[in-house]
Structures are given as structure tokens and as C-alpha cells.
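Written below as C-alpha cells is the structure these notes are about.
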Amino acid sequence: MKKYIRLRYSNDLPGIPLQRDIEKLALADRRTLGCRFGEPCDPRQLIKFNDVKKILETHDEYTAHYGRSVKGEFEDRWSGATLCINNGYNLIMINPEHSLSRRTFTIAHEFGHLVFNHHAIIIATERMPQSRYNDEQELEAHSYGLAVLLPYAPLLQILRQSATAQGIALHYGVSIAAVEMRLKITGLWEMLTKE
Ligand SMILES: [Zn+2]
């Protein structure tokens, strides 16, 4: 990525209708959180506006919550789940074995399910709870999470200034895979400077 990227406020939106609608929702939430144009946004802050009591994402947090260690109880392919606990409050559980950038995306994704009021079928297993959403719901949650983390209009400008996926990931505190996914679903993939 070039050393200096210049950003100017603009209200460009994705051309794909579903992505455009989701972008507007995510932008409103970013604004409410006080995240300025092109600034990174920590999705953990969304807890203020949703009926979420707690987010568990580190081993220390799990140990404090359950009063015991849960080390070794998480399968790698499990990323996270939102459980409805008492009084309509939710508990977001994230795989503590995953990297910070991956957990950040999973948290944004789980808030996506809450924003769209998706109802999952929660399957209690011996180990981690499994939640099942349909593909359409998963796409919505994914798109919302990515829009909160990687807003479209500044992304467009960053790409025009020849940023790499790595540079974008570093700036926003997300994985390169998340950046690539975002570019693919918003039709910006072709603009990426490939290394
Ligand atoms: Zn999901």
C-alpha cells in the first residue's frame, strides 16, 4: 500500500441492490458508534445497541463466565454462535482459539444475525452449541459484518490508490480473507492490485 492514502467523504454505494441496502444499515450503525469515514470500527461496540449481555471470545472470559477452563473444547471449524439467554438477552460466543482478526469478523457477523432478527435453530451438543441459519441469512450476516468493518465508499478510494489486500487488512484489523470476500461480494475484486 502507498504510504499516504487520501480519503475524501463520498456516499458511493455498492451497485448490487442487496449489498446497497445492507451498506446503508451498516453505515448508520457505524455512524452511531462514532466511526468516521474510512476509520476502522470495532464491532464489539455494537453491544451497546443490541440486546447482548456479553461477548465471550477469550479463554479468560470463558473461564470467568463458566468458572472453569474450556481449553481444548472448541473445534477449529466452529467460529461462533449467538445464544438467547434469559429475558430476551443474548450471549455471543466466539471461538477463543481463533486469531483476533478472525474473532473480530465473527463478532461483526453475529451482530448481523441480530440486526436482521434471524432466528437460528440452536442445536445443543455435548461441546459447543451449533446454530443453523439458511444460506440467505448467512449471506446477510456476512455482508453486514463486512460492511461494518470495511465500508464501501472509502474502500473504493483506497483501491483507486492501488492498495493491496494486505494493506487494507492491516488498516482495518481484519484478515486478508475478509478483505477478499468483501471485494468479491461488492464487485470490487477487479480493482484490487494483486501482488
Ligand atoms: Zn452465521
Side-chain angles (χ1 to χ4, degrees), residues 14 16-30 32-33 35 40-59 61-62 65 70 73-85 88-152 155 169 172-187 189:
I16 303 153
L18 173 72
Q19 295 302 326
R20 190 163 51 227
D21 292 345
I22 293 177
E23 186 80 20
K24 287 180 195 162
L25 266 175
L27 274 180
D29 288 348
R30 279 181 57 91
T32 315
L33 291 177
C35 302
C41 177
D42 183 358
R44 290 161 188 81
Q45 293 188 74
L46 289 165
I47 198 166
K48 295 177 211 162
F49 313 116
N50 290 274
D51 294 332
V52 174
K53 200 146 211 167
K54 217 187 254 185
I55 301 170
L56 301 178
E57 62 163 313
T58 63
H59 278 294
E61 286 163 0
Y62 276 97
H65 185 77
V70 293
E73 293 185 23
F74 299 89
E75 288 174 33
D76 185 60
R77 63 189 176 88
W78 181 80
S79 298
T82 300
L83 301 183
C84 189
I85 50 173
Y89 272 96
N90 295 289
L91 176 69
I92 295 182
M93 296 171 76
I94 304 297
N95 192 332
E97 309 288 351
H98 288 172
S99 66
L100 176 64
S101 60
R102 186 158 171 197
R103 297 199 311 265
T104 298
F105 174 63
T106 307
I107 290 168
H109 173 104
E110 290 303 320
F111 276 113
H113 285 308
L114 289 168
V115 165
F116 291 105
N117 209 12
H118 292 160
H119 292 286
I121 305 162
I122 307 284
I123 304 150
T125 62
E126 268 179 50
R127 290 176 164 221
M128 297 324 298
Q130 302 283 316
S131 55
R132 292 265 179 278
Y133 293 96
N134 64 39
D135 289 351
E136 197 184 318
Q137 292 173 325
E138 286 301 340
L139 176 66
E140 284 177 348
H142 243 62
S143 303
Y144 172 85
L146 288 168
V148 165
L149 296 169
L150 297 159
Y152 182 87
L155 197 55
Y172 283 107
V174 299
S175 68
I176 293 175
V179 173
E180 291 180 345
M181 200 188 307
R182 173 68 167 151
L183 298 181
K184 281 175 186 164
I185 64 172
T186 50
W189 178 248

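Order of appearance sets the numbers: ligands from 1, and atoms from 1 within every ligand.
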Tell me whether the rings of F74 and H59 are parallel (<30°), tilted (30 to 60°) or perpendicular (>60°).
perpendicular

Might you confirm whether atom CZ of F49 has over 12 heavy atoms from other residues, nucleotides or ligands at distances under 6.0 Å?
yes

Minimum heavy-atom separation for C35 to P40, with atom names?
SG-O, 4.2 Å

Exercise: identify the closest heavy-atom pair between C41 and V148
CB-O, 3.8 Å

Indicate the atoms forming the closest heavy-atom contact of S79 with T106, along with that distance.
O-CG2, 3.4 Å

Can you count the protein N/O/S atoms lying under 2.8 Å from the Zn ion (ligand 1), leaving waters out?
4

Which pairs, with at least one residue in residues 140-152 and sequence neighbours excluded, count as a side-chain hydrogen bond (donor to acceptor under 3.5 Å, both in side chains)?
Q19-S143, D29-Y144, H109-H142, H118-E140

